[in-house]
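One structure below.
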Number of protein chains: 2
Amino acid sequence: MDKKRSISIKEIAKLANVSVATVSRVINNNGRFSEETRKKVQDIIDKYGYTTNMAAKSLRMSKSKTVGLIVPNIDNEWFSHLVLEIEKYFFEKNYSVFICNTSQDEQKEIAYFKSLDSKLVDGIMCISGIEEIPTDVITRNIPIVCIDRKPKDHNNVYYVESNHYSGGYLATEELIKKGCKKIAIVSRNKTLSVNKQRLEGYRQALKDYGLTEYKELQILLDPSSANYEGSREAMNQLIKSKIPFDGVFATNDWRAYGVMVALSENHINVPHDVKVIGFDDISISHSCHPSLSTIRQDTVGLAQKASSLLLNLMNDKEIQMEERRFILPVEVIQRDSTQKDPE
Amino acid sequence: MDKKRSISIKEIAKLANVSVATVSRVINNNGRFSEETRKKVQDIIDKYGYTTNMAAKSLRMSKSKTVGLIVPNIDNEWFSHLVLEIEKYFFEKNYSVFICNTSQDEQKEIAYFKSLDSKLVDGIMCISGIEEIPTDVITRNIPIVCIDRKPKDHNNVYYVESNHYSGGYLATEELIKKGCKKIAIVSRNKTLSVNKQRLEGYRQALKDYGLTEYKELQILLDPSSANYEGSREAMNQLIKSKIPFDGVFATNDWRAYGVMVALSENHINVPHDVKVIGFDDISISHSCHPSLSTIRQDTVGLAQKASSLLLNLMNDKEIQMEERRFILPVEVIQRDSTQKDPE
DNA sequence: TTGAAAGCGCTAACAT
DNA sequence: ATGTTAGCGCTTTCAA
């Protein structure tokens, strides 16, 4: 590779016989230059392939055209979808995104916040995770937007989320409408508000339809085993215990899939004997057999709403008070796993 | 949030009654200061919560402690695993990673290279994608490491990959050993070297075992339909066509899963009537039913090898010529989909 | 319409 | 062991 050194504004200025100020104006199209000089400068830029040194620009302007994105696990289809949409949005607006994978590690999250701060990001987006955002390590006054994460109150923190309560309600209602009377829930046992809200929706639906709430049908898995394997095992346990049930609401699709596999292993037919519904509508839900009914979150909507909010905040747009918080609706996706038996 | 303005070295110097040079030395632990001044300076740093302004540092040093990561689709478990490992590696070394999702769009890739260049990244990692790397838009002399992407020759470009040829061979051999005679392949029709190599391995295995190569059993899907849906449809086509076959090698797990679903829809039993093997060992392969045999790539090995190589290059370590290219072995994971019938 | 010059925060060469 | 100073590449104020 030929060592084509990058050219600076100063050098362009010399080559074009103008001052650096003029070159800067041309580059940023800030007016106050003649068409003639514009052309002269532009020719040299094209010829030498000038690219802005963003470090210098950032230093000077205290803006970096960069945002930080905190995500628990990119290695999770639901999160990676979201990340993809956010990244796409900001790419179009000429921003770069630092994707920071915390693996749910609080120390790592704090370290990332420090790093983002020191790299002068113009704003931060947080997906999911705990309430506490380590705002105290941020030394600058930058906006923070959360998705599916209800932050403790701070001036500069905003949030956008799906209506998880409604999702829990709708999921349960779907099972009820298809004839289930004894509905189990398989969720993750943590104070993560998202799961709590889904559980609340489930309970309210039971109440509204006059069904009994069986505590022994509320399976709250440890964070470490709240995955496919864990819920498959838990479901096997439940089946062994002989406690009767005819419907399962799993609070994400992988857990739901674990449930379905466990049922299948025990020769319990879905949807005939037991109906199942999941949450998130990731690819496993429509590709498994029988296909899995689920609650679809508006991924694109969430990503766009959150991104545009952050962008506006970074550009000091006035944000109405009622825009500090957004809750997007979710919808039931009916598939085979909640199909009603023919009468 | 209180507007805690970030403090600069200059201010620290004033507060500690020392020069900026001394403060800088303390911060970077560059020696030539007394324990006494170290303490004095450190106290102020702790008290005011100083954080380095990385834009300034980058500008001064022409190094940013940042790497760019080009990836086709983060929204793909195999890639996201890889990204996760790479990110983890660099986080530990105090580097930040710009994850750039190209969606296989060449223009986007070029735009990203420009942006990374202008943000002074110290190195670039490319996952998969086409041979051509737009090195010409890079104005600085930074190293580039590729994973699963055989780049056109350049001085500063290195690569690490799995042995895809061997993978194709082993997959086919596994089917042959379990008794298959007429083996179909479902792959992606593109000049992507990865798929080409897997196909070559398949052909060589057939040859070595004296099996006929049926052109009509080589299903090369369009890039746009080389996914779960596409291969499910293609397999349905093949079944309808009545061309006999007793084994299928699908060049990734989602395609393999599509094949299995199509077979199941046509009441063809796996592994009794037809055996199936995939590639990548993503979660669907061990959680589907019957579980899917597959070829496992050494994700962690790939990520670490590539990352440490890039790190060494960024720090101007001498790299031996034979280290410019790495090929990691793959292994067969035997599961139910290639189980032999009891005699 | 253009230029001169200051300064963003930092490092490092050189001086002491 | 410590200080002085130049300069990385850029924007912007002020002056012309």
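Worth knowing before you read on, the calculation uses all heavy atoms, side chains too, and leaves out hydrogens, waters and symmetry mates.
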Assess whether atom NZ of K63(B) is packed by more than 12 heavy atoms of other residues, nucleotides or ligands within 6.0 Å.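 Yes, NZ of K63(B) has more than 12 neighbouring heavy atoms, counting only those of other groups under 6.0 Å.
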
K47(B)/E11(B) salt bridge by N-O under 4.0 Å criterion: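 Salt bridge flag = no for K47(B) with E11(B).
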
Between K10(A) and I27(A), just flag the one whose closest nucleotide in DNA chain D comes earlier from the 5' side.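 The residue whose closest nucleotide sits nearer the 5' end is K10(A).
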
For [X] and [N], what is the distance between atoms [atom1] and [atom2] respectively, to the nearest whole Å?
| X | N | atom1 | atom2 | answer |
| --- | --- | --- | --- | --- |
| R25(A) | dT2(C) | CZ | P | 9 Å |
| E11(B) | dG9(C) | CD | P | 7 Å |
| K65(A) | dG9(D) | NZ | C1' | 18 Å |
| L59(A) | dG9(D) | CG | P | 12 Å |
| N28(B) | dA12(C) | CG | P | 8 Å |
| I7(B) | dC10(C) | CD1 | C1' | 15 Å |
| N17(B) | dA1(D) | CG | C1' | 16 Å |
| K14(B) | dG9(C) | NZ | C1' | 14 Å |

Contact class for [X] (heavy atom, under 4.0 Å): base, sugar-phosphate, or nothing?
| X | answer |
| --- | --- |
| T37(B) | sugar-phosphate |
| I9(B) | sugar-phosphate |
| S34(A) | sugar-phosphate |
| V18(B) | sugar-phosphate |

Side chain of [X]: nearest nucleotide among [options]?
| X | options | result |
| --- | --- | --- |
| R32(A) | dC10(C), dT1(C), dC10(D) | dT1(C) |
| K57(A) | dC10(C), dC10(D), dT12(D) | dC10(D) |
| S19(B) | dG9(C), dT2(C), dG3(D) | dG3(D) |
| N53(B) | dG9(D), dC10(C), dA12(C) | dC10(C) |

Less than 4.0 angstrom between a side-chain N/O of T22(B) and OP1 or OP2 of dT2(D), yes or no?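 False: T22(B) side-chain N/O out of range (4.0 Å or more) of dT2(D) OP1/OP2.
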
Aromatic plane relationship, F98(B) with F98(A) - under 30° parallel, 30 to 60° tilted, over 60° perpendicular: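 Ring orientation of F98(A) relative to F98(B): parallel.
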
Please name the pair of heavy atoms, one in P151(B) and one in V157(B), separated by the smallest distance, quoted to 0.1 Å.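 So the minimum-distance heavy-atom pair works out to CG-CG1, 3.3 Å.
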
Which of these passes side-chain contact (heavy atoms from CB on, under 4.5 Å) with S162(A): L302(A), I327(A), D298(A), V194(A)?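 With S162(A) as partner, L302(A), I327(A), D298(A), V194(A) yield a single side-chain contact (heavy atoms from CB on, under 4.5 Å), made by L302(A).
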
